[in-house]
2 protein chains.
Amino acid sequence: MSKPTLKSVAKALGVSTATISNAFNRPDQLSVALREKILTACATLGYDGPNKAAQSLRKGSSGIVAVILSDSLEYMVSDPVASQFLQGVARELERQQKHLLLFSGNSTNLDTITDFVDGFICYGAPRNLALIEQLRHCKKRVLTVDFDLPGRPSVNIDNEQAAYDSAMAVLKPDDIVAVLGLRLIDAPDSQPVGSAPMWDNQSSVSHRRLDGYQRAMEALGLTLGTDYLWHTPESNQEYAAKAAKAVLNQVPQPSVLLCMSDLIALSAMRVALQLGIRIPEQLRVVGFDGIEETLRYHPTLTSVWQFSDRKGEAAARAFQSGVDSCQLLPYELRLGESS
Amino acid sequence: MSKPTLKSVAKALGVSTATISNAFNRPDQLSVALREKILTACATLGYDGPNKAAQSLRKGSSGIVAVILSDSLEYMVSDPVASQFLQGVARELERQQKHLLLFSGNSTNLDTITDFVDGFICYGAPRNLALIEQLRHCKKRVLTVDFDLPGRPSVNIDNEQAAYDSAMAVLKPDDIVAVLGLRLIDAPDSQPVGSAPMWDNQSSVSHRRLDGYQRAMEALGLTLGTDYLWHTPESNQEYAAKAAKAVLNQVPQPSVLLCMSDLIALSAMRVALQLGIRIPEQLRVVGFDGIEETLRYHPTLTSVWQFSDRKGEAAARAFQSGVDSCQLLPYELRLGESS
DNA sequence: CTGTTAGCGCATTCAG
DNA sequence: CTGAATGCGCTAACAG
């Protein structure tokens, strides 16, 4: 026998299809006794409720929320900040009894899934720019995180202000400052930004952070020398180490490293210590993000904590709420031994 | 205007709905010229193909594959082995143009999504046992990884043999052996297994590994003392360190540590070095899994490499292929400085 | 409280 | 190559 359908059980029980439907979806539409009878009968028949696919076609909503990652799943899953975000989203979605569909940011076609999902939570601007265009015109609900799309709700922190705060907390009047940036230009390896054209200046959190660093430096009369601003294509150990090595071997040697992620900062500290540079005496280091690992490492890192798990929860909640506002989440500057 | 449907564009173009459908799904059913004309017309109309939800209802398949994680998403994304597996699955699914729905292993109801997906790839026995029961009777395709379900295809490595091999590679006749196990009993903290009842003896990879260790020890005439077999609830630093500390402070002190994951082994090595125990002179350590981090750490770890990313790819391929066999993937014993 | 009806958007016959 | 018809499984009106 094949799987029972609403119609087949209705016939088997001698009632109308609407009654079965109501038994599952609108308990107030029939007597408790009848409902009870129907439900137990369904259980023995092996019918466990209306077909969700048909339900979705009919109602126009499925209870599935797609999370679009900026990069490949590959990268995202290995990045502690993204993982934390995903955890938050998953936790809140579970609370809402919704499901999570992971969608890679370098996919090409949104419409392979739009019809299945209730909407999109978009974590960081997708690497594939065509996706952004599609998200713009998408009929479904779209919420962005860590970037903005005109007319769409979003969840962010104030990256510029946070970066400014963190820089102000460590900078001194005579500092030689270097910045280890993340995805500032379109280059596949670590390298000084130099005069390369900046990348999607508008939406990137990195550029907002750079703005903040620079505002702080201006406030103190400091300038960022050419070759003291480095680009890193990804937030990982290798790229960061390469950039850190280069920057720390320059003359004059930097006295402060402003890093656009904690992973970069940790890697830079390792390099510095290997080079015999003492932290914080000879070099102060600041990170960004706030990840657990910095608490286990010594010296502990001064950093902006942005609580990505809560950001994930907030995003999922805002998505669900239907509110169309752009909210700014709080962050926290935490001073560590590195400054 | 609302979103165009197959019917509405058919009317607009003055052809039948079947023709539009064929233009998208069965190119051989109409002339190239007409198809071309229809496709471009659709593009300008803003119709980007048949509604996937309706298509799924009609055809009974959606192109979405659910991956059921054994634990919460929370735990899974932070575990390098699980992450690697997920990466492999994602990579292969992307190749197949399929989508990935993440499903937590402690959810209760499979049927909230069965109707949406083409089936399930189940990574490790779900923590919630009710899910297993549902998977058993599920009409859709189910493929298990790292455990088996009667009548279902699976992807595994030979854990028993791999554990045996790794133990044989390091054990010497007069060794004092300790085992740092993973999820051997149902306890929320690290503790000696003692006489606690073993947990789901059948399906767990941990028990297969323990079997392998024990076979190797028997072969060498060694026995595993009470209190030298420890349970860890999760593969993480804290639980592992606690177990390692306890075990290494016992008298006589173990000369070999057989660890059921690389994360546990790394943590144990850190503890040992802190205690002033030299590796491998005073203590040899063996891990299991094969993760990148062990290559950066010194001493490098002797371990069984099981290439979880390839396992993920293999799982996704086997799922797609429709073959119902249970395949055993190769593993590789790699000797490091820890033995 | 219950049954009837009309779609949700589509794919597949089948006759032309 | 085309068009009409049927139903995938369900829900929301509406009438009783």
Side-chain angles (χ1 to χ4, degrees), chain A residues 1-39 41-42 45-63 111-118 139-140, chain B residues 1-39 41-42 45-63 111-118 139-140:
Chain A
M1 94 232 162
S2 68
K3 216 180 173 193
T5 69
L6 200 159
K7 205 201 295 188
S8 76
V9 299
K11 192 157 47 180
L13 298 192
V15 299
S16 95
T17 59
T19 307
I20 306 291
S21 175
N22 284 333
F24 282 97
N25 300 316
R26 298 159 41 166
D28 52 310
Q29 298 295 300
L30 69 175
S31 69
V32 185
L34 179 56
R35 181 176 134 89
E36 208 53 47
K37 202 182 76 180
I38 289 180
L39 258 31
C42 284
L45 282 174
Y47 180 74
D48 39 37
N51 180 300
K52 306 294 179 193
Q55 214 164 28
S56 144
L57 177 60
R58 182 64 230 247
K59 307 218 253 204
S61 87
S62 64
D111 48 51
T112 53
I113 49 159
T114 41
D115 297 328
F116 289 123
V117 304
D118 293 344
K139 298 283 185 194
K140 306 252 171 156
Chain B
M1 90 231 162
S2 68
K3 215 181 174 194
T5 69
L6 200 159
K7 205 202 295 191
S8 76
V9 298
K11 190 158 46 181
L13 298 190
V15 298
S16 98
T17 60
T19 307
I20 307 289
S21 174
N22 284 333
F24 281 96
N25 299 317
R26 296 161 38 166
D28 54 308
Q29 298 295 301
L30 69 174
S31 68
V32 184
L34 179 57
R35 182 175 133 87
E36 208 52 48
K37 201 182 79 182
I38 290 179
L39 256 34
C42 285
L45 282 174
Y47 179 74
D48 40 36
N51 180 299
K52 307 294 177 195
Q55 214 165 29
S56 143
L57 177 59
R58 181 63 230 251
K59 307 221 255 206
S61 86
S62 64
D111 48 49
T112 52
I113 48 160
T114 42
D115 297 327
F116 289 123
V117 304
D118 294 343
K139 297 284 186 193
K140 306 250 172 161

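Chain naming here is simple, since letters A, B, ... match the order of the sequence lines and numbering starts at 1 in each.
A/N25 is listed as a side-chain neighbour of A/Q55, based on a closest heavy-atom distance under 4.5 Å.
As judged by a 4.0 angstrom heavy-atom cut-off over every strand, B/S31 is placed among residues touching the sugar-phosphate backbone only.
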Base-contact (B) and sugar-phosphate-only (S) positions in nucleotides 9-16 of chain C, heavy-atom cut-off under 4.0 Å, - elsewhere: BBBB----
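Taken from CG in A/D115 to CG in B/N51, the straight-line distance is 4.0 Å, to the nearest 0.5 Å. Atom CZ of A/R35 is separated from atom SG of A/C42 by 10.5 Å, given to the nearest 0.5 angstrom.
At whole-Å resolution of the value, CD in A/Q29 and P in D/dA13 are 11 Å apart. In this structure, NZ of B/K11 is placed 15 Å from C1' of D/dG3, rounded to the nearest angstrom. As a whole-Å value, the separation of B/D111 CG from D/dG9 P is 16 Å.
The side chain of A/S16 contributes an N or O atom lying less than 4.0 Å from OP1 or OP2 of C/dG3.
Every residue two or more places apart in sequence or in another chain that forms a side chain to side chain contact (heavy atoms under 4.5 Å, CB included) with B/L34 is listed here: B/T19, B/L30, B/S31, B/K37, B/I38.
Proximity of a side-chain donor or acceptor of A/N22 to a complementary backbone N or O of A/Q29 within less than 3.5 Å is not detected. Distance alone, capped at 3.5 Å, places no donor-acceptor pair between the A/D111 side chain and the A/T114 backbone.
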